[in-house]
**Q** 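Quick one: the structure is below, and I'll ask about it shortly.
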Amino acid sequence: MKKIEAIIKPFKLDEVKNALAEVGIQGITVSEVRGFGRQRGHTELYRGAEYTIDFLPKVKIEIVVPDHKCEQVVSTIQSSAKTGRIGDGKIFVLPCEEAIRIRTGERGEAAI
């Protein structure tokens, strides 16, 4: 199994969620996070004063999938989250040793 973590722009969440549903992903975890990469934040003007926003709002999606679905899920997230501009985000793929469903005690792929 693999755990896929994707950091995307918040306004792309619905598009990514719908695309993942179309390829058969049943469960995802979504967190609101803040951070920056190469874009290094930006400067805004408020009541005549200029200030820098270092940490930009992002959305983190976490999904655990069987090995054979990993590449399909990654390409689905990549294509649906892409705007072509800086700050589109990143996708991380990590090995997942075990998954256990608390309610039934199912383990492995049966638990996801």
Side-chain angles (χ1 to χ4, degrees):
M1 293 179 295
K2 302 287 187 197
K3 180 178 183 184
I4 300 169
E5 295 181 359
I7 311 293
I8 63 169
K9 291 183 175 186
F11 68 88
K12 285 294 207 172
L13 178 59
D14 284 336
E15 194 174 329
V16 171
K17 181 186 68 150
N18 293 336
L20 288 170
E22 286 178 15
V23 296
I25 298 303
Q26 295 178 353
I28 65 173
T29 300
V30 177
S31 307
E32 292 180 7
V33 296
R34 300 174 63 76
F36 66 89
R38 288 184 183 162
Q39 66 196 108
R40 300 274 183 213
H42 63 275
T43 304
E44 288 191 3
L45 195 62
Y46 179 71
R47 293 189 178 183
E50 193 174 280
Y51 64 99
T52 302
I53 297 177
D54 292 329
F55 295 102
L56 300 172
K58 301 286 183 178
V59 172
K60 180 179 181 179
I61 300 171
E62 297 174 90
I63 310 164
V64 177
V65 298
D67 288 335
H68 68 276
K69 280 194 167 187
C70 182
E71 192 55 44
Q72 180 186 26
V73 170
V74 168
S75 63
T76 299
I77 294 170
Q78 186 177 7
S79 63
S80 59
K82 183 177 182 178
T83 66
R85 292 178 293 163
I86 194 165
D88 275 352
K90 298 259 190 322
I91 300 172
F92 304 99
V93 179
L94 308 149
C96 181
E97 292 184 27
E98 185 70 270
I100 303 158
R101 181 168 300 175
I102 295 173
R103 179 177 56 88
T104 62
E106 292 173 295
R107 291 177 170 266
E109 289 186 16
I112 57 173

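Start at 1 with the first residue, then count along the sequence.
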**Q** Under 6.0 Å from the CD atom of Glu32, do we count more than 12 heavy atoms belonging to anything else shown?
**A**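 Incorrect, the count does not exceed 12.
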
**Q** Is Ile28 linked to Met1 within one hydrophobic cluster, defined over Ile, Leu, Val, Met, Phe, Trp and Tyr using a side-chain heavy-atom separation of less than 4.5 Å?
**A** no

**Q** Please answer: with hydrophobic residues joined when any side-chain heavy atoms are less than 4.5 Å apart, are Ile8 and Ile63 in the same cluster?
**A** yes

**Q** State, with a plain yes or no, whether a side-chain heavy atom of Val33 is found less than 4.5 Å away from one of Phe55.
**A** no

**Q** What do you reckon, is CD1 of Ile102 surrounded by more than 12 foreign heavy atoms closer than 6.0 Å?
**A** no

**Q** Side chains of Lys2 and Cys96: does their closest heavy-atom pair fall under 4.5 Å?
**A**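 No. Closest side-chain heavy atoms not under 4.5 Å.
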
**Q** Please answer whether the main-chain N or O of Lys82 pairs with a side-chain N or O of Asp88 as donor and acceptor at a distance below 3.5 Å.
**A** no

**Q** When clusters are formed by joining ILVMFWY residues with side-chain heavy atoms under 4.5 Å apart, either directly or through shared neighbours, do Val93 and Ile25 land in the same one?
**A**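 Val93 clusters together with Ile25.
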
**Q** Can you name the one residue among Val73, Val65, Ile4 that meets side chain to side chain contact (heavy atoms under 4.5 Å, CB included) with Leu20?
**A**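 One option only clears the test, and that one is Val73.
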
**Q** Taking all non-hydrogen atoms of both residues into account, name the closest pair between Ala111 and Ala99 and its distance.
**A**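 Closest heavy-atom pair between Ala111 and Ala99: CB-O, 3.5 Å.
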
**Q** Could you measure the distance from the CD1 atom of Ile77 to the CD1 atom of Ile7? Nearest 0.5 Å is fine.
**A** 10.5 Å

**Q** How far apart are the closest heavy atoms of Val59 and Pro10, and which atoms are they?
**A** CG2-CA, 3.5 Å

**Q** What's the spacing between Lys3 NZ and Ile112 CD1 if we round to 0.5 Å?
**A**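 Atom-to-atom, Lys3:NZ and Ile112:CD1 are 12.5 Å apart.
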
**Q** Check Val23 against Lys69 and note the closest heavy-atom contact, atom names and distance.
**A** O-NZ, 3.9 Å

**Q** Where do Lys9 and Lys58 land on the side-chain contact (heavy atoms from CB on, under 4.5 Å) test, with the steps shown first?
**A** CA-CA 5 Å; Lys9 291 183 175 186; Lys58 301 286 183 178; 4.2 Å; yes

**Q** Counting neighbours of CZ on Arg85 that are heavy atoms of other residues, nucleotides or ligands and sit closer than 6.0 Å, is the number greater than 12?
**A** no

**Q** Testing the basics here: between Val16 and Ala81, what is the closest heavy-atom pair and its distance to 0.1 Å?
**A** CG2-CB, 3.8 Å

**Q** Please determine whether residues Ile61 and Val64 belong to a single hydrophobic cluster, defined as Ile, Leu, Val, Met, Phe, Trp and Tyr linked transitively by side-chain heavy-atom distances below 4.5 Å.
**A**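 Different clusters: Ile61 never reaches Val64 through Ile, Leu, Val, Met, Phe, Trp or Tyr contacts under 4.5 Å.
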
**Q** Are Val74 and Val30 in one and the same hydrophobic cluster, where Ile, Leu, Val, Met, Phe, Trp and Tyr link if side-chain heavy atoms are under 4.5 Å apart?
**A** yes

